Amino acid sequence: MRVLAIETSCDDTAAAVVDGGGVRSSVVASQDAVHARYGGIVPELASRNHVLTIVPVIERALVEASVTLDDVEGVAATYGPGLVGSLLVGLQVAKGIAFDRGLPFVGVNHLEGHLLAILLDRPVPFPYLGLLVSGGHTSLYVVGGIGTYRQLGRTRDDAAGEAFDKAAKMLGLGFPGGRVIDQLAVNANRAAIRFPRATLKHGEYDFSFSGIKTALRQYLLDGGGAPVSDVCASFQEAIVDMLIAPTLRAARALGTPTIVVSGGVSANTRLRVRMTEAGSEEGLEVAFPRFAYCTDNAAMIGYAGRMRLLGGQRDALTLNAEATLPIGVSHTGPTNPALASGDRST
Ligand code: KG4
Ligand code: ZN
């Protein structure tokens, strides 16, 4: 089944074509330049820019896949969690295409997309431990299979990506800041500043990044002193430590042989090295999606959506956008026979 997938949950406009042979195309139009001057994402600007770019992005995804809408057999779109105004743009365009073409449509949870992104590149046996670490989320899940997710822990305050972005802002490094900090930290002194590592009394698989953010602010108010690259390396090292500890505790307790790290922060080079080392010391395999599938993209939505469509799931065209959406909750609406009849999958 060839699926057109659309993702507009935050500030990236993305479309992809995914079929049984894998990812045929994956196009992402970044809005970084639009939001950089505000030091964060401005929701209304994000929605308005999705409106401008969504159709050209879909057209490019079709061209790069060497297909037309006539070759598409199903449509998938992210319907939550995310910025509602942003989600609505991609969701409505996807539903419009499904309606016009009489194609089956399914809504995909953005978090499910991230957790399954690794499967675009390689098979991983279930169950695996999924660490989802992005700008909006930092959570640990047991991934028992497609559609079977159990949350073990989550951040009590900021997401790790948010901590990176706020630190970059404090250091005058622009927005979003994770990648810049990552780059500046290469070859810098990771032991220049000893930032605190949060330890939580309850919730052994939970995370907290507000303390380190405050510690950085205080360090800078006190006059700083260390080169910016050393501040970045020290800050990054503390975040990496705080991501590794609960993840390894969970892997030990559950006995899952594989840890899969996903979401924008999984692109962090230091996290990739350290988590892999920490895992291998305990005989665990650690897997990361390729860089392009770490940050927001529609290929991961295509993978999850295709699996759901192949499993017979259909969503009504009344499916709405959801700002908060727990993963694993069934949202299957009544099957619309008119749409189901458009399903040409085998
Ligand atoms: O998954 P994503 O693209 O969007 C959300 O769903 O949030 O993640 C974006 C986040 C941002 O906070 C960004 O700073 C962070 O991922 N990020 C990184 C790196 N690349 C992106 N953080 C640390 N190191 C990186 N190399
Ligand atoms: Zn994301």
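Numbering starts at 1 and runs along the sequence shown. First listed ligand is number 1; within each ligand, the first listed atom is number 1. Every value quoted in this text rests on a predicted model; they were computed, and no experiment measured them.
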A.B. asks: Does the ring center of Phe291 lie less than 6.0 Å from the ring center of Tyr293?
C.D. replies: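 Ring-ring flag for Phe291/Tyr293: false, centres at least 6.0 Å apart.
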A.B. asks: Against Leu140, only a single residue in Leu152, Leu254, Leu243 fulfils side-chain contact (heavy atoms from CB on, under 4.5 Å); can you say which?
C.D. replies: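 The option that passes is Leu152.
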A.B. asks: Of all the N, O or S atoms in His110, which one sits nearest to the Zn ion (ligand 2)?
C.D. replies: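 This residue's closest N, O or S atom turns out to be NE2.
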A.B. asks: Using a strict cut-off of less than 4.0 Å between a Lys/Arg side-chain nitrogen and an Asp/Glu carboxylate oxygen, indicate whether Asp315 and Lys95 qualify as a salt bridge.
C.D. replies: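 No.
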A.B. asks: Any N or O on Gly263 sitting closer than 3.5 Å to an N or O of ligand 1?
C.D. replies: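 No, no N or O pair falls under 3.5 Å.
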A.B. asks: For salt bridge (Lys or Arg N to Asp or Glu O under 4.0 Å), just list the numbers for Asp19 and Arg306, CA-CA rounded to whole Å, side-chain angles, deciding distance to a tenth of an Å, and then say yes or no.
C.D. replies: CA-CA 8 Å; Asp19 64 20; Arg306 182 172 176 274; over 6 Å; no
A.B. asks: Have a look at Asp296, Thr295, Asn268 and point out the one with the heavy atom closest to atom 24 (N) of ligand 1.
C.D. replies: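 Result: the heavy atom closest to atom 24 (N) of ligand 1 is in Asn268.
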A.B. asks: Of all the N, O or S atoms in Asp296, which one sits nearest to the Zn ion (ligand 2)?
C.D. replies: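 Asp296's closest N, O or S atom to the Zn ion (ligand 2) is named OD1.
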A.B. asks: Show which atoms of ligand 1 fall inside a sub-4.0 Å distance from at least one heavy-atom site of Gly136.
C.D. replies: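 Within the 4.0 Å cut-off of Gly136, ligand 1 contributes 7 (O).
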A.B. asks: Please work out, at 4.0 Å between heavy atoms, whether the side chain, the backbone, both, or neither of His110 comes within that distance of ligand 1.
C.D. replies: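 Within the 4.0 Å criterion, His110 contacts ligand 1 through side-chain atoms alone.
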A.B. asks: Please state which option from Asn297, Val265, Leu271 has its nearest heavy atom closest to atom 15 (C) of ligand 1.
C.D. replies: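 Closest candidate by heavy-atom distance is Val265.
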A.B. asks: Between Lys213 and Glu162, does a salt bridge (Lys or Arg N to Asp or Glu O under 4.0 Å) hold up when you go through it step by step?
C.D. replies: CA-CA 10 Å; Lys213 186 184 64 187; Glu162 207 177 342; over 6 Å; no
A.B. asks: Any heavy atom of His114 closer to ligand 1 than 4.0 angstrom?
C.D. replies: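 A heavy atom of His114 does come that close to ligand 1.
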A.B. asks: Suppose I only count heavy atoms of Asp182 and a 4.0 Å limit; which atoms of ligand 1 are within that range?
C.D. replies: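 By the 4.0 Å cutoff, the relevant atoms are 24 (N), 25 (C), 26 (N).
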A.B. asks: What N, O or S atom of His114 is found closest to the Zn ion (ligand 2)?
C.D. replies: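 Of all N, O or S atoms belonging to His114, NE2 is the one nearest the Zn ion (ligand 2).
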A.B. asks: Show me which atoms of ligand 1 lie under 4.0 Å from any heavy atom of Phe164.
C.D. replies: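 That gives atoms 22 (N), 23 (C) of ligand 1.
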A.B. asks: Assess whether a salt bridge exists between Arg190 and Asp230, defined as any Lys/Arg side-chain N lying under 4.0 Å from an Asp/Glu carboxylate O.
C.D. replies: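 Answer for the salt bridge query: no.
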A.B. asks: Report, in ascending order of atom number, the atoms of ligand 1 lying under 4.0 Å from any heavy atom of Gly135.
C.D. replies: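 Numbered from 1, ligand 1 contributes 5 (C), 7 (O), 8 (O), 9 (C), 10 (C), 12 (O).
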A.B. asks: Test salt bridge (Lys or Arg N to Asp or Glu O under 4.0 Å) on Arg122 and Glu285 and set out the steps.
C.D. replies: CA-CA 13 Å; Arg122 47 160 287 188; Glu285 200 195 340; 2.8 Å; yes
A.B. asks: Would you compute the distance between atom CZ of Phe288 and atom OG1 of Thr276 and round it to the nearest 0.5 angstrom?
C.D. replies: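 The distance works out to 4.5 Å.
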A.B. asks: Which of the numbered atoms in ligand 1 are below 4.0 angstrom from a heavy atom of Gly178?
C.D. replies: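 Counting atoms of ligand 1 from 1, those under 4.0 Å from Gly178 are 14 (O), 18 (C), 19 (C), 22 (N), 23 (C), 24 (N), 25 (C).
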A.B. asks: Please report whether ligand 1 has a polar contact with Thr269, defined as an N or O pair separated by less than 3.5 Å (distance criterion only).
C.D. replies: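 For ligand 1, there is no N or O atom that lies under 3.5 Å from one belonging to Thr269.
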A.B. asks: What's the shortest heavy-atom distance between Ala5 and Ala298, and which atoms?
C.D. replies: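 Shortest heavy-atom contact: CB-O, 3.4 Å.
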A.B. asks: Answer yes or no for Ala267: is there a heavy-atom contact with ligand 1 below 4.0 Å?
C.D. replies: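 Heavy atoms of Ala267 do come under 4.0 Å of ligand 1.
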A.B. asks: In the protein, what heavy atom is nearest to atom 14 (O) of ligand 1, and what distance, to one decimal place, separates them?
C.D. replies: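 Minimum-distance protein heavy atom for atom 14 (O) of ligand 1 reads Asp165 OD1, 2.6 Å.
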A.B. asks: Using a 4.0 Å cut-off to any heavy atom of Gly161, which atoms of ligand 1 qualify?
C.D. replies: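 Reading through ligand 1 atom by atom, the close ones are 12 (O).
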A.B. asks: Check the angle between the aromatic planes of His110 and His114 and answer parallel, tilted or perpendicular using the 30° and 60° thresholds.
C.D. replies: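 Correct class here is perpendicular.
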A.B. asks: Any N/O of Gly264 closer than 3.5 Å to an N/O of ligand 1?
C.D. replies: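 Between Gly264 and ligand 1 (N or O atoms, distance only) the closest approach is under 3.5 Å.
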A.B. asks: Write down the atom of Ala46, the atom of Ile41, and the distance for their closest heavy-atom approach.
C.D. replies: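 Closest approach of Ala46 to Ile41, heavy atoms only: CB-CG2, 4.2 Å.
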A.B. asks: Before accepting this row, confirm whether a basic side-chain N of the pair Arg24/Glu64 lies closer than 4.0 Å to the acidic partner's carboxylate O.
C.D. replies: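 No, Arg24 and Glu64 are not salt-bridged.
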A.B. asks: Under 4.0 Å from a heavy atom of Ser134: which atoms of ligand 1 are those, numbered in the order shown and with their elements?
C.D. replies: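 So the atoms of ligand 1 that pass are 1 (O), 5 (C), 6 (O), 7 (O), 8 (O).
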